[in-house]
Participant: 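Starting off with a structure, shown below.
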Amino acid sequence: MLKFAVPALGIYLTNPLLSNIDNAFVGRTVGPAGLAALSPATLCIDQALYLFSFLSRAATGMVSRAYLSNDQNGKRNLAGARDAASPAFSSALICGVGLSLFYAFFTPTLLSKLNVDPHLITSATSYIHWRGAIAWAALGQSICLSLFMATKDSITPLKIISGAALLNVIGDYLLCVWPLKWGCGGAAAATSLATLISSAWMVKSLKDRGMCPEFKIPSKQELGALLEFTGPLLMITFVRMAGFLNMQKRAMFLGVTSLAGYQLLTNLLIFFILFGEPLSQVGQTELPSLIDANDTEKARKTYKSIMLLSLFAAVGVGAAAFSTAMFGSGLFSSDLGVQAVARGSAPALFCAVVATILGIGVDGCMMASKDFGFMLLNGVLGFLVQAKLLDYCTSISGIFFSFTVRLSMYTLFATGRAKFGFGNLGRALKKRDMKEAPAFG
């Protein structure tokens, strides 16, 4: 498990690490106004891309099942994995092109709807235009990454992402510090170029292995299989994104300095919670075949391992997040007000990271069992509770504590459902108990 999870961790940490590096370059070269402008800009880009993450998550489940169904020679089914990924890959590219066109023509309207401070609009628009132009490549890359991960190859994408990350850092320096000083736009341009290079690199690697998904209009049967995953996942993702949007809107009422601090802390949150993503991937790649095969013993062992690792990871990573916000905020901003916001919100960040990593581990197991109806209901309940709490939040700490409540509810209800034998996962974990029950009479 660790041979897969450790390289996977490196993959998932790279992008948020670069986001924090972008923050550092912008915060140091532009100041609090630059960080504040990145807050609505990254919301418009990253949350929109997150909205379409249902495609990559669906691809992971579909490819995993296809890959583990051996071909006629008794080997892993590479062709089946490729064919399973093609509908999601094609849909991702089509959606990405539409998203790029949307950003090209409607960015000013979007920022206006968010009530962004007029002084921040120019920098935010520049960032969105650069990142938005390659939305199609970012979405296509997410499917390629899912294909690698579902076939249990975390080394190849780690090499690719690491190489692109190095190019991104170099680009940040050249476009933000010397010889050019483009500020937010420079950081976005560097990220966009790195994304294009890594996407092309992934496609080539998949082609060399005979696993590159084809671009084609999905057939009715393929579309039906894809919609089995994407329909519910779209709604689940939309609810989660709406929760982040509510947090962002609340932070915008607290002033430029607080908004800059919120941007800093949000990027730290995203960076640290991704330490839990490999655990989710383990659940999504290991559990589906075990649940389908009714292998209760292995399913239970895998589930317990994921939960235990999630607990240890949550506490350790939460402590690291707390320390970074408390003692390292000066790396991202020289403004004393922004640093004060980060230090004052460090305890709230710790709680948010712990709750989220626990939730991510559980979420991967729920995904594997395709218990989408419960995931959606649970998510909506948490969203409503958080929305109510945000009405009373007057600080960045309060905003992050509302997020903690929402994620804690999700984890508590999901683990309780599995514990008491409800849902596909719960029934799979309980079957052994039923078989081992003593016979009477």
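Positions are given from 1 along the sequence.
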Participant: Between Pro213 and Leu147, what is the shortest heavy-atom contact and its length?
Facilitator: CD-CD1, 3.7 Å
Participant: Is there a donor-acceptor pair under 3.5 Å between the side chain of Asn378 and the backbone N or O of Tyr410?
Facilitator: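 Yes: the side chain of Asn378 pairs with the backbone of Tyr410.
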Participant: If we ignore hydrogens and angles and just use 3.5 Å, is the side chain of Thr415 paired with the main-chain N or O of Leu412 as donor and acceptor?
Facilitator: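 Side chain of Thr415 to backbone of Leu412: a pair is present.
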Participant: With the side chain counted from C-beta on, respond yes when Met367 and Leu287 share a heavy-atom pair under 4.5 Å apart, and no when they do not.
Facilitator: no
Participant: Could you walk me through whether Lys301 and Glu286 pass the salt bridge (charged side-chain N to carboxylate O under 4.0 Å, His left out) test, one step at a time?
Facilitator: CA-CA 11 Å; Lys301 182 178 179 180; Glu286 296 289 342; over 6 Å; no
Participant: Are any non-hydrogen side-chain atoms of Phe148 and Arg209 less than 4.5 angstrom apart?
Facilitator: yes
Participant: State, yes or no, whether a side-chain contact exists between Ser100 and Ile134 at a heavy-atom distance under 4.5 Å.
Facilitator: no
Participant: Evaluate the salt bridge (charged side-chain N to carboxylate O under 4.0 Å, His left out) criterion for residues Asp363 and Arg240: first the C-alpha distance (whole Å), next the side-chain angles of each, then the deciding distance (0.1 Å), finally the verdict.
Facilitator: CA-CA 12 Å; Asp363 196 57; Arg240 294 175 180 178; 2.7 Å; yes
Participant: State whether a side-chain donor-acceptor pair under 3.5 Å links Gln284 with Ser64.
Facilitator: no
Participant: Calculate, to the nearest 0.5 Å, the distance between atoms OG and CG belonging to Ser397 and Leu265 respectively.
Facilitator: 8.0 Å
Participant: Step by step, would you call Thr266 with Met247 a side-chain contact (heavy atoms from CB on, under 4.5 Å)?
Facilitator: CA-CA 10 Å; Thr266 299; Met247 292 169 64; 6.0 Å; no
Participant: Heavy atoms, side chains only, cut-off 4.5 Å: are Met202 and Leu145 in contact?
Facilitator: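 A side-chain contact under 4.5 Å exists here.
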Participant: When you compare the side chains of Ser39 and Gln248, does any donor N or O come within less than 3.5 Å of an acceptor on the partner?
Facilitator: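 Their side chains do contain a donor-acceptor pair, which is all the 3.5 Å distance test asks for.
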Participant: Would you say the side chain of Ile155 lies within less than 4.5 Å of the side chain of Asp153, judging by non-hydrogen atoms?
Facilitator: yes
Participant: Measuring from Trp130:CH2 to Trp182:CH2, what's the distance to the nearest 0.5 Å?
Facilitator: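 CH2 of Trp182 is found 5.0 Å from CH2 of Trp130.
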Participant: Start with the C-alpha distance between Met241 and Leu245, add both sets of side-chain angles, then the distance that settles side-chain contact (heavy atoms from CB on, under 4.5 Å), and finish with yes or no.
Facilitator: CA-CA 6 Å; Met241 188 186 76; Leu245 180 61; 5.7 Å; no
Participant: Can a donor-acceptor pair be found, under 3.5 Å and without considering hydrogens, that links the side chain of Ser369 to the backbone of Met366?
Facilitator: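 Checked: pair present.
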Participant: By side-chain hydrogen bond (donor to acceptor under 3.5 Å, both in side chains), which residues pair with Asn424, not counting sequence neighbours?
Facilitator: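 Partners of Asn424 by the side-chain hydrogen bond (donor to acceptor under 3.5 Å, both in side chains) criterion, ordered by chain and then number, come out as Arg427.
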Participant: Which heavy atom of Ser329 sits nearest to which heavy atom of Ala342, and what is that distance?
Facilitator: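 That would be CB-CB, 3.7 Å.
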Participant: Name the orientation class of the two ring planes belonging to Phe275 and Phe271 (parallel below 30°, tilted from 30 to 60°, perpendicular beyond 60°).
Facilitator: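 Perpendicular.
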Participant: Using a 4.5 Å cut-off on heavy atoms from C-beta on, say whether the side chain of Val385 contacts that of Arg406.
Facilitator: no
Participant: If we only count heavy atoms from C-beta on, is the Leu111 to Cys44 side-chain gap below 4.5 Å?
Facilitator: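 Yes, side chains in contact.
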Participant: Should Tyr67 and Asn77 count as side-chain neighbours, where that means a heavy-atom distance under 4.5 Å?
Facilitator: no
Participant: Counting only N and O atoms by type, is there a donor-acceptor contact under 3.5 Å from the side chain of Trp178 to the main-chain atoms of Leu175?
Facilitator: no
Participant: Got a donor-acceptor contact below 3.5 angstrom from the Ser146 side chain to the Thr60 backbone?
Facilitator: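 A pair under 3.5 Å: no.
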Participant: Which residue, Phe401, Phe400, Phe403, forms the side-chain contact (heavy atoms from CB on, under 4.5 Å) with Cys351?
Facilitator: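 It is Phe401, the one option of Phe401, Phe400, Phe403 that forms the side-chain contact (heavy atoms from CB on, under 4.5 Å) with Cys351.
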Participant: What distance do Arg250 atom CZ and Ile396 atom CD1 have between them, rounded to the nearest 0.5 Å?
Facilitator: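 Between atom CZ of Arg250 and atom CD1 of Ile396 there are 10.5 Å.
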Participant: With a 3.5 Å cut-off and sequence neighbours excluded, list the donor-acceptor pairs that the side chains of residues 84-98 form with protein atoms.
Facilitator:
unit_1	atom_1	unit_2	atom_2	d
Ser86	OG	Arg82	O	3.1
Ser86	OG	Glu214	N	3.0
Ser90	OG	Ser86	O	3.0
Ser90	OG	Glu214	O	3.2
Ser90	OG	Lys216	N	2.9
Ser90	OG	Lys216	O	2.9
Ser91	OG	Pro87	O	2.8

Participant: Does Ser56 use its side chain to pair, donor to acceptor, with the backbone of Ser53 at less than 3.5 Å?
Facilitator: yes
Participant: Could you tell me the separation between the CG atom of Asp46 and the CD1 atom of Ile270, rounded to the nearest 0.5 Å?
Facilitator: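 Going from CG on Asp46 over to CD1 on Ile270, the span is 6.5 Å.
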Participant: May I have the step-by-step check of side-chain contact (heavy atoms from CB on, under 4.5 Å) for Thr296 and Leu290, ending in yes or no?
Facilitator: CA-CA 7 Å; Thr296 302; Leu290 300 178; over 6 Å; no
Participant: Give the minimum heavy-atom separation between Asp172 and Gly186, together with the two atoms involved.
Facilitator: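 What the structure gives for the nearest pair is OD1-O, 4.4 Å.
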Participant: Can Leu167 and Leu193 be said to form a side-chain contact (heavy atoms from CB on, under 4.5 Å), step by step?
Facilitator: CA-CA 8 Å; Leu167 291 176; Leu193 179 60; over 6 Å; no
Participant: Hey, could you give me the OG/CD distance between Ser199 and Gln141, rounded to the nearest 0.5 Å?
Facilitator: 4.0 Å
Participant: In Å, rounded to the nearest 0.5 Å, how long is the span from CZ of Arg300 to CG of Leu425?
Facilitator: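 Arg300 CZ to Leu425 CG: 11.0 Å, rounded to 0.5 Å.
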Participant: Do the side chains of Asp22 and Arg131 get close enough for a salt bridge, i.e. N-O under 4.0 angstrom?
Facilitator: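 Answer for the salt bridge query: no.
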Participant: Nearest heavy-atom pair of Ser333 and Leu35: which atoms, and what distance?
Facilitator: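 So the minimum-distance heavy-atom pair works out to CB-CD1, 3.8 Å.
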Participant: Over all heavy atoms of both residues, which pair between Val30 and Gly183 is shortest? Give the atoms and the distance, please.
Facilitator: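 Distance-wise, the nearest heavy atoms are CG2-CA, 3.8 Å.
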Participant: Side chains of residues 311-323: which donor-acceptor pairs under 3.5 Å do they make with residues two or more places apart or in other chains?
Facilitator:
unit_1	atom_1	unit_2	atom_2	d
Ser323	OG	Ala319	O	3.0

Participant: Taking all atoms of both residues into account, what is the closest heavy-atom pair of Ser310 and Gly361, and its distance?
Facilitator: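 In terms of heavy atoms, the two residues are closest at OG-CA, 3.7 Å.
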Participant: Is Phe422 atom CZ crowded by more than 12 heavy atoms from other residues, nucleotides or ligands, each under 6.0 Å away?
Facilitator: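 It does not: Phe422 CZ has 12 such atoms or fewer within range.
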Participant: Please determine whether the number of non-hydrogen atoms from other residues, nucleotides or ligands lying under 6.0 Å from atom CZ of Phe374 exceeds 12.
Facilitator: yes
Participant: Quick one: does any side-chain atom of Ser198 pair with a main-chain N or O of Ala164 as donor and acceptor, under 3.5 Å?
Facilitator: no
